[in-house]
Structures are given as structure tokens and as C-alpha cells.
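In what follows, residues are counted from 1 in the order of the sequence shown. Indexing begins at 1, ligand by ligand and atom by atom, following the structure's order. If you're wondering where the values come from, they're calculated on a predicted model, not measured in any experiment.
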Amino acid sequence: MTITRKKITIIGAGFTGATAALMIVQQELGDVVLLDIPQLENPTRGKALDMQEALPVLGFDARIKGTSNYEDARDSDLVILTAGIARKPGMSRDDLVNTNAGIVRSVCEQIKQVAPESTVLVLSNPVDAMTYAAYRTLGFPKNRVIGQSGVLDTARYCAFIAEELNVSVEDVRGFVLGGHGDDMVPLVRYSSVGGIPIETLIVKERIAEIVQRTRTGGGEIVNLLGNGSAYYAPAASLAQMAEAILKDKKRVLPVIALLDGEYGYQDLFLGVPAVLGGSGIERIFELDLTDEEKSALDVSADSVRSVISIVAAGLPA
Ligand SMILES: NC(=O)c1ccc[n+]([C@@H]2O[C@H](COP(=O)([O-])OP(=O)(O)OC[C@H]3O[C@@H](n4cnc5c(N)ncnc54)[C@H](O)[C@@H]3O)[C@@H](O)[C@H]2O)c1
Ligand SMILES: O=C(O)C[C@H](O)C(=O)O
């Protein structure tokens, strides 16, 4: 019996792309193609070769290829899109919209030629709108075009709760809904530690501070780094989503999905809990929200809608 490994192409071999590549091969999810622009062909090949040479020490089997040629991405099972510019201190993610929409569109034109059956995972910011740009350009079914934000935002939220209570992160459960902006919606009511609701363990004022820190978590890292944005936690989030898809795990994770009436929104990409498996987004869960939670989600949805409208204006009708 021949065992054929899955093929994962990561477009953008910068901080998030290269880190995700290493995490993906360390989970033995498949062979990785790391693709960047032709001007960066040699550094991209260098990164891939360096990772390849780490694998005998780490003890994992995979092939990693650095390239700028889309032929190398042919027939990929999964394409991860990290191409684009990152924000600097003082910028919002939305400030990246015009530059990154152009990049996402040009990359997706190529992907649809060489990997028409792939599932596409989008990271480039502003990610809700970039997932929309990818969906419109690719023309793939909506279950195969997915954005990453909620896994990362939830990870930050859970890390802060674990730190607050001095408990294992393994026992913290939480959920962040909505767009990947400072008005995202951490759902306190659905958050627990070892099954115990956090509202019974942490005072209201501290919960509010944790929620606020989660919402601005990306900016906190941008300010500390000074010249770029987070990449370890984003790459780990991509690897978890890749695993769910490539191993058909049917994980329940917050993902950016195209909504068709769910939560009362139409034609909108927004972070919601979904079943992620071999077919991509297999099902969206609609949670019962209080009026307060729904109002907060409406605010986040409005922000996303306004950025999507900028992208839509630049796309052919
Ligand atoms: N959604 C999220 O949660 C999340 C998390 C982290 C970063 N991001 C976003 O991901 C993007 C990448 O972040 P990073 O830290 O890896 O940035 P980076 O600058 O380190 O890497 C980006 C890479 O994309 C490449 N690139 C640019 N145009 C390209 C093209 N047309 N084709 C192929 N490659 C191209 C660049 O050459 C660069 O190597 C940014 O937009 C950032 O804001 C999103
Ligand atoms: O904050 C950023 O610009 C990068 C990313 O979206 C993050 O949340 O870390």
C-alpha cells in the first residue's frame, strides 16, 4: 500500500508562514511547500532547507520545499494564505486593507489555477475582509474558504484566564465570536475552568479587564515587537485548524465563515463556532445570545461589513 502524504502550501514565507510550516511538519500533517515572491526565492528556499535539516534531529518525516513557482503548489490539499504586510505600532488591521486585498487577489488567481480542489485558510489582515476577497476571487464553495481569527483570539483569552486563576490552560474553555478587531466578542457566559463557569471564580471587574485585554491582544504584541505582529500564537492556530481539516477531526473551533442567515447576518464573513473537518466548514453552531451579547456582535459585524465594502468596491461585479 502506498501512503501518500497530504500537501500543504503556505503562501507568504514570513514570520507567520515560516513558523506555521515548522509547526505543521512537527505535527506530521504532510509535506509543505513554502511560497513567496520571486525576489525572495533564495531566502524562501533557505528557510525551507533549514527546516528540512532540522527534521532528523526533531525526528519527523516530511518534505519542505521553498519556492516562488506556483507549479510547486499544484494539487495541494490545503493552501494557507499569510501573504501580505503586517501592521506597525499606531496602525489598525484595517489600515492594511488596500495593499493586502491586492496581494490576496493576485495570489488567489494563481491558487485557483493550480489547486482548484484545495481548502484555503486565510490569515492575512484584515482577515475577515481578506477571507471575503479570497472567496470572491477563488470561486470555491463557501465551506472551503475559511479565515483564522477565533482560534487565536480564544487562545489569548484562555491564556489570560489561566494566568488569572493560576490553573492549567488545558482546563480553560472559552469562545470569542465576531470579527478580528478590537470589538470582537469574548463570550464570558460560555467560558469555564474545569467545567466551572468563570463568572463564579473571577470578579466582574477582572473579567472585564481580561475581555478588554483579549480584544486588544494583537495590538499589545505589535507595540512590544515594534516592527511586525504576533506569529507564534497565530502559527499555532493555523496548525490546529490545518490538523482539524487534514485529519478530518471535526473539531469545534471558532472560524471565519460566510454566513447565510446564521446569527441574522447575510453575505458576511464573521467568526462563529463551527465544525472543522475534511470538508472544511461542515456546520455552523448558532448559540443563543443575550440581548447584550447580540448587540456587541452587531457592532463587530458592522465594522467587518464596512471593511468588506471597501474590498467589494475593488472587485469585478
Ligand atoms: N488573522 C490573524 O489572526 C493574523 C495573525 C497574525 C498575522 N496576521 C496577518 O498575516 C499577514 C502576515 O504576517 P507576517 O507576520 O507573516 O508578515 P511577514 O511580513 O513576516 O510575512 C509576509 C510575507 O508575505 C510575502 N508576500 C507579500 N506579497 C506576496 C505575494 N504576492 N505572494 C507571496 N508572498 C507574498 C512577503 O514577502 C513576506 O515574506 C499580515 O497581514 C498580518 O497582519 C493575521
Ligand atoms: O494584531 C495584528 O495585527 C496581527 C494579528 O491579527 C494578531 O491578532 O496578532
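No side-chain heavy atom of L187 sits under 4.5 Å from any side-chain heavy atom of V176. Side-chain contact between V193 and I198: present, with at least one pair of heavy atoms (C-beta onward) separated by less than 4.5 Å. Contact annotation: the side chain of L270 never approaches that of Y263 to less than 4.5 Å [non-hydrogen atoms, C-beta and beyond]. Considering only heavy atoms from C-beta on, K250 comes within 4.5 Å of D248 through its side chain. Counting heavy atoms from C-beta outward, I146 and V120 have side chains that stay 4.5 Å or more apart. Considering only heavy atoms from C-beta on, M130 comes within 4.5 Å of V311 through its side chain. Two residues are said to be in side-chain contact when any heavy atoms from C-beta on lie closer than 4.5 Å; E41 and D36 fail this criterion. Using a 4.5 Å heavy-atom threshold, the side chains of V33 and I64 count as separate.
Here L152 has side-chain heavy atoms under 4.0 Å from ligand 1, and that is the only part of it that gets that close. Only side-chain heavy atoms of V127 come within less than 4.0 Å of ligand 1; its backbone N, CA, C and O stay farther off. At a 4.0 Å heavy-atom cut-off, ligand 2 does not touch V127 at all. Neither the backbone nor the side chain of S237 has a heavy atom within less than 4.0 Å of ligand 1. Counting heavy atoms closer than 4.0 Å to ligand 1, residue R93 contributes nothing at all. Neither the backbone nor the side chain of D153 has any atom closer than 4.0 Å to an atom of ligand 2 (non-hydrogen atoms only). The backbone and the side chain of A83 each have at least one atom closer than 4.0 Å to an atom of ligand 1 (non-hydrogen atoms only). If you look at I103 next to ligand 1, the close heavy atoms, those under 4.0 Å, all belong to the side chain.
Of the protein's non-hydrogen atoms, the one nearest atom 21 (O) of ligand 1 is G14 CA, 3.3 Å. Shortest contact from atom 2 (C) of ligand 2 to any protein heavy atom: R87 NE, 3.2 Å. The nearest protein atom to atom 41 (O) of ligand 1, hydrogens excluded, is given as I85 O, 2.7 Å; this is a heavy-atom distance. Atom 39 (O) of ligand 1 has its closest protein heavy atom at D36 OD2, 2.6 Å. Scanning the protein heavy atoms around atom 30 (C) of ligand 1, the nearest turns out to be I37 CG2, 3.5 Å. For atom 13 (O) of ligand 1, the nearest protein heavy atom (residue, atom name, distance) is T16 OG1, 3.7 Å. Regarding atom 43 (O) of ligand 1, its nearest protein heavy-atom neighbour is N125 ND2, 2.9 Å. For atom 9 (O) of ligand 2, the closest heavy atom belonging to the protein is R156 NH2, 2.7 Å. Among protein heavy atoms, atom 19 (O) of ligand 1 sits closest to G84 O, 4.1 Å. For atom 33 (C) of ligand 1, the nearest non-hydrogen atom of the protein is I11 CG2, 3.7 Å.
Nearest-heavy-atom check against atom 11 (C) of ligand 1 across T82, V104, V222, L121 picks out T82.
Every atom of ligand 1 with a heavy atom of N100 under 4.0 Å away is listed here by number and element: 41 (O). Counting atoms of ligand 2 from 1 in the listed order, those under 4.0 Å from a heavy atom of A230 are 9 (O). Against a heavy-atom cut-off of under 4.0 Å, G218 is close to the following atoms of ligand 2: 1 (O), 7 (C), 8 (O), 9 (O). For ligand 2 and S229, the ligand atoms under 4.0 Å from any heavy atom of the residue are 2 (C), 3 (O), 4 (C). If you number the atoms of ligand 1 from 1 as listed, the ones under 4.0 Å from a heavy atom of P234 come out as 5 (C), 6 (C).
For E28 (side chain) and D61 (main-chain N/O), a donor-acceptor pair under 3.5 Å exists by modelled atom type.
Residue H180 has at least one N or O atom closer than 3.5 Å to an N or O atom of ligand 2. Residue A230 places no N or O, backbone or side chain, under 3.5 Å from any N or O of ligand 1. The N/O atoms of R87, backbone and side chain alike, include none that comes under 3.5 Å of an N/O atom in ligand 1. At least one N/O-N/O distance between Q148 and ligand 1 falls below 3.5 Å. Close N/O approach between L123 and ligand 1 is found [any backbone or side-chain N/O within under 3.5 Å]. Inclusion of S106 in the set of residues having an N or O under 3.5 Å from an N or O of ligand 1 is not warranted.
Side-chain atoms of Y265 and D298 include a donor-acceptor pair closer than 3.5 Å. At a cut-off of 3.5 Å, with distance as the only test, a side-chain donor of Y157 or S191 sits close to an acceptor on the other residue. If you check the side chains of Q266 and D260, you find a donor sitting under 3.5 Å from an acceptor.
Looking at residues two or more places apart in sequence or on another chain, you find a side-chain hydrogen bond (donor to acceptor under 3.5 Å, both in side chains) between E220 and R213.
Using a 4.0 Å heavy-atom cutoff, N125 is listed among the residues neighbouring ligand 2. Residue contact annotation: S124 has a non-hydrogen atom under 4.0 Å from ligand 1.
Taking a cutoff of 4.0 Å between a charged side-chain nitrogen and a carboxylate oxygen, D182 and R215 do not qualify as a salt bridge. The pair R305-D302 meets the salt-bridge criterion, with a side-chain N (NZ, NE, NH1 or NH2) lying under 4.0 Å from an Asp/Glu carboxylate O.
Aromatic rings of F269 and Y135 (six-membered ring for Trp) have centroids within the 6.0 Å cut-off, being under it.
Around atom CZ of F60, more than 12 heavy atoms belonging to other residues, nucleotides or ligands sit under 6.0 Å away.
Partner of D31 under the salt bridge (Lys or Arg N to Asp or Glu O under 4.0 Å) criterion, out of R63, R5, K7: R5 alone.
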